[in-house]
Amino acid sequence: MLEVNYIKENKNAVLKSLKKKNFPAEEFDILDRIIDLDNRRKKAQASLDVILGQIKSISNEVGTLFKSGKGAEANELKEKVKGLKESSSSLQDEQKQVKTELEDLLLQVPNITNEIVPEGNSEDDNIVSKDWDGDLPDLGENAIPHWELAKKYNIFDLELGVKLTGAGFPVYIGKGAKLQRALINFFLDEGEKAGYTEYEVPILVNADSARGTGALPDKEGQMYHVVKDEFYLIPTAEVPLTNIYRDVILKENDFPILLTGFTPCFRREAGSYGAHVRGLNRLHQFDKVEIVQIQHPDKSYETLDKMVAYVQTLLEKLELPFRILTLCGGDTSFASALTYDFEVFSAAQKRWLEVSSVSNFESFQSNRLKLRFKDKNGKTRLAHTLNGSAMALPRIVAALLENNQTENGIKIPKALQPYLDFDILD
RNA sequence: GGAGGAGUGGCAGAGCGGUUGAAUGCACUAGUCUUGAAAACUAGCAUACCUUUACGGGUAUCGGGGGUUCGAAUCCCUCCUCCUCCGCCA
């Protein structure tokens, strides 16, 4: 959520961002509506304050009069307050309504994009900011996609998941299950080495938390919702991890804060069917290790680069060919100012698969979260939040299986071997 | 799930209808003193919004929401959370 004052002072910049993010042109007047509502809010606040102040001082007078036995005068004053009371409560109602409307509109405005975010509407307009400069694995004609490898080596079973739950809920088996565990531990250990503190967090969150990071109301339909208890299954560990700092005021020397955590993630998103979502390519439940940083506004872009560099090391250790994309405006998420996507090459599908998304949200989330810090001058300001996948498992597994397939089985990269009691998955 | 009790500033803890944003202690910050530190002393120390060039002024907030009253941290309703006991359970 952007701050009203920011919108007021930077209306043109915000407008430019709306265009970049494909915000419908006929609704560009939302900014003016926001500014109008805020002015109304201020006016109502000012008159309300005056009336409440009068009520307060008269009430004090009434008290003093009663104490000194002047009951008649006191009763006279009491009548006076009744009129004031009426106008104060109607003003309060108006105030409340204006605030709700304002909040409503503010929630609809996406984050402003960073200067370097390219124009564009879809993933086709994303820019490859770091291409793979080595050779791509060529497995020849006999290469088989991971969903067939899964059957061959009994690594995971999607039909079994259908029986237990439904489509998109895989069951990992034997060495496949162990591989999941190995990857989770590998990612967490690497995160710890890089300075991230590990958290194990709830995978159900309340509505406040869902709202805090922007899952509500923007992505309401994409979350599983436990209606009876008003909980949401998390779409990513970003939600609980970042909400740890909801309603917190930090000191400047608390920065940077580095958090990591493993959780299963749940996404309802219906999606399409066919080859692109076959196997592990798209799921309703998947495992992911997330990294989150909370940083001083002046340093958040420096931090974004560090996080990108860190994710890169993970892929290098896993020996997977990857490239980095700078997402165009239309593909940058609602809350993000700048997002880099990592894609690994899956050699049998001959496709690049997104495995990580690293974003700077600037103060967009912290404004909702009320995540602030005291700066040197004692002023309270919004902090910046960033996060990234480090990493999402299924597509990593897909690429590992496909790229490392041999006649004798699937080779396990060196970095993972300490986590497994086999070097070849067969 | 049932029966009781409790939620006040960073923490502890008063107040239980009338200038109380809230005593006191601790913590914290600055200053005095000191070669330095400790101790002592002095001052400061919540958040949001409105208003002001500024100094400042105003309003709201004592778990959340609603109500009673001229006036609520204090009374009532409701929800949430925590504690104790019982039940159930990995």
Side-chain angles (χ1 to χ4, degrees), chain A residues 1-9 34-107 200-212 216 226-232 240 243-255 257 264 363 365-383:
Chain A
M1 191 162 82
L2 294 174
E3 292 173 282
V4 179
N5 284 339
Y6 184 88
I7 294 176
K8 273 187 189 170
E9 284 158 28
I34 284 170
I35 293 169
D36 282 351
L37 277 172
D38 191 56
N39 289 334
R40 269 177 65 194
R41 192 199 102 249
K42 282 184 180 178
K43 253 181 144 173
Q45 176 81 58
S47 9
L48 183 61
D49 283 355
V50 171
I51 292 173
L52 288 177
Q54 284 170 348
I55 293 177
K56 203 172 174 179
S57 69
I58 293 175
S59 295
N60 285 337
E61 251 180 88
V62 171
T64 328
L65 287 173
F66 270 126
K67 266 189 189 162
S68 50
K70 296 175 183 162
E73 285 176 49
N75 283 324
E76 237 171 79
L77 282 178
K78 272 162 80 169
E79 285 308 308
K80 207 169 151 190
V81 175
K82 275 189 183 151
L84 288 171
K85 190 84 190 202
E86 263 171 51
S87 34
S88 83
S89 59
S90 74
L91 267 172
Q92 247 154 2
D93 290 346
E94 189 193 332
Q95 178 84 323
K96 209 181 264 179
Q97 199 200 323
V98 170
K99 270 189 177 165
T100 315
E101 268 178 63
L102 183 60
E103 175 95 358
D104 230 49
L105 291 184
L106 280 171
L107 286 173
E200 184 172 312
V201 290
I203 56 177
L204 271 71
V205 295
N206 58 30
D208 281 342
S209 294
R211 208 172 292 116
L216 280 181
V226 182
V227 177
K228 202 166 177 188
D229 299 290
E230 263 308 307
F231 293 146
Y232 294 85
N243 271 281
I244 290 171
Y245 285 90
R246 170 154 49 84
D247 289 318
V248 168
I249 299 180
L250 299 162
K251 294 192 198 95
E252 198 152 351
N253 59 14
D254 290 333
F255 294 126
I257 291 167
S363 59
Q365 289 185 328
S366 37
N367 191 27
R368 287 195 191 187
L369 292 160
K370 298 282 165 274
L371 163 50
R372 294 164 294 177
F373 71 100
K374 290 239 190 246
D375 71 9
K376 287 191 195 80
N377 307 317
K379 222 183 129 196
T380 310
R381 296 170 57 192
L382 294 172

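Letters A, B, ... are given to chains in the order of the sequence lines, protein chains preceding strands, and every chain is numbered from 1. All values below were derived from every heavy atom in this structure, side-chain atoms included, with hydrogens, water molecules and symmetry-related copies excluded.
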Legend entry - B:U42 to B:U61 separation - C1' atoms, rounded to the nearest Å: 31 Å
Inset, instruction - Would you mind classifying the nucleic acid contact of A:Leu77 as base, sugar-phosphate or nothing, using non-hydrogen atoms under 4.0 angstrom? - result: nothing
Legend entry - Residue A:Glu200 excluded, over 12 heavy atoms near CD under 6.0 Å: no
Legend entry - Exam field: side chain A:Arg368 to backbone A:Arg211, donor-acceptor pair closer than 3.5 Å: yes
Legend entry - Pairwise distance OG1(A:Thr64) to NZ(A:Lys70) - rounded to 0.5 angstrom: 9.5 Å
Inset, instruction - Sticking with atom P, work out how far B:U19 lies from B:U78, rounded to a whole angstrom. - result: 29 Å
Legend entry - For atom CG of A:Leu48 and atom P of B:A60, their distance in whole Å: 9 Å
Legend entry - Identity of whatever pairs with B:C33 - Watson-Crick or G-U, under 3.5 angstrom: none
Inset, instruction - Write down the distance separating the C1' atoms in B:A40 and B:A54, rounded off to the nearest Å. - result: 38 Å
Legend entry - 5'-most by nearest nucleotide on RNA chain B - A:Ile249 or A:Lys56: A:Ile249
Legend entry - Watson-Crick or G-U wobble mate for B:U84, both contacts under 3.5 Å: B:A3
Polar-atom pairs under 3.5 Å, protein N or O versus N or O of nucleotides 50-52 of chain B: list them with distances, or write none.
unit_1: B:C50; atom_1: OP1; unit_2: A:Arg41; atom_2: NH2; d: 2.8

Inset, instruction - For A:Ile58 and for A:Glu61, locate the closest nucleotide of RNA chain B by heavy-atom distance; then report the residue assigned to the nucleotide nearer the 5' terminus. - result: A:Glu61
Inset, instruction - Mark yes or no for whether A:Asp254, through its side chain, and A:Lys251, through its backbone, hold a donor-acceptor pair below 3.5 Å. - result: yes
Inset, instruction - Taking all heavy atoms of A:Ile51 and all of A:Ser88, pick out the closest pair and write down the distance. - result: CG2-CB, 3.7 Å
Legend entry - C1' gap between B:G7 and B:C62, integer Å: 10 Å
Inset, instruction - Please determine, for B:A73, whether a Watson-Crick or G-U wobble partner exists with both distances under 3.5 Å, and give it or none. - result: none
Legend entry - Atom of A:Asn206, atom of A:Ser209 and distance for their closest heavy-atom approach: OD1-N, 2.9 Å
Legend entry - Neighbour count above 12 (heavy atom, 6.0 Å) for A:Lys370 NZ: yes
Legend entry - Opposite nucleotide pairing with B:U53, Watson-Crick or G-U, both atom distances under 3.5 Å: none
Inset, instruction - Provide the distance between the two P atoms, one in B:U20 and one in B:A60, to the nearest whole Å. - result: 14 Å
Legend entry - Contact summary for A:Arg41 and A:Gln95, nearest pair of heavy atoms: O-OE1, 3.4 Å
Inset, instruction - Round to a whole Å and report the spacing from NZ of A:Lys379 to C1' of B:A46. - result: 18 Å
Inset, instruction - If B:G10 has a Watson-Crick or G-U wobble mate with both distances under 3.5 Å, name it; if not, just say none. - result: B:C26
Legend entry - Nucleotide B:C49, atom P - distance to NZ of A:Lys99 in whole Å: 9 Å
Legend entry - Nearest non-hydrogen partners of A:Pro264 and A:Ile203, listed with the distance: CD-CG2, 3.8 Å
Legend entry - Span that lies between the C1' atom of B:G36 and that of B:G21, in whole angstrom: 40 Å
Inset, instruction - Pick the P atom in B:U29 and in B:U35, then give their distance to the nearest Å. - result: 23 Å
Inset, instruction - Residues of residues 81-98 of chain A with any non-hydrogen atom less than 4.0 angstrom from an atom of RNA chain B: list those, numerically ordered, please. - result: A:Val81, A:Lys85, A:Lys96
Inset, instruction - State, to 0.1 Å, how close A:Val201 and A:Pro240 come at their nearest heavy-atom pair, and which atoms those are. - result: CG2-CG, 3.6 Å
Inset, instruction - For A:Asn60 and B:U69, give me the distance from atom CG to atom P, rounded to whole Å. - result: 19 Å
Inset, instruction - Provide the distance between the two P atoms, one in B:G58 and one in B:G2, to the nearest whole Å. - result: 49 Å
Inset, instruction - Please test A:Asp49 against A:Gln45 for side chain to side chain donor-acceptor pair (under 3.5 Å), starting from the C-alpha separation and ending with a verdict. - result: CA-CA 6 Å; A:Asp49 283 355; A:Gln45 176 81 58; 3.0 Å; yes
Legend entry - Nearest-angstrom distance from the residue atom NZ of A:Lys78 to P of B:G18: 15 Å
Inset, instruction - Whole angstrom is fine here: how far is it from NZ in A:Lys370 over to C1' in B:C49? - result: 12 Å
Inset, instruction - Provide, to the nearest angstrom, the distance between the CG atom belonging to A:Asp247 and the P atom belonging to B:G10. - result: 12 Å
Inset, instruction - If B:C45 has a Watson-Crick or G-U wobble mate with both distances under 3.5 Å, name it; if not, just say none. - result: none
Inset, instruction - Provide the Watson-Crick or G-U wobble partner of B:C16, both distances under 3.5 Å; none if there is no partner. - result: none
Legend entry - Length of the CG-C1' vector between A:Asn206 and B:G64, whole Å: 13 Å
Legend entry - Who pairs with B:A90 - Watson-Crick or G-U, where each distance is under 3.5 Å: none
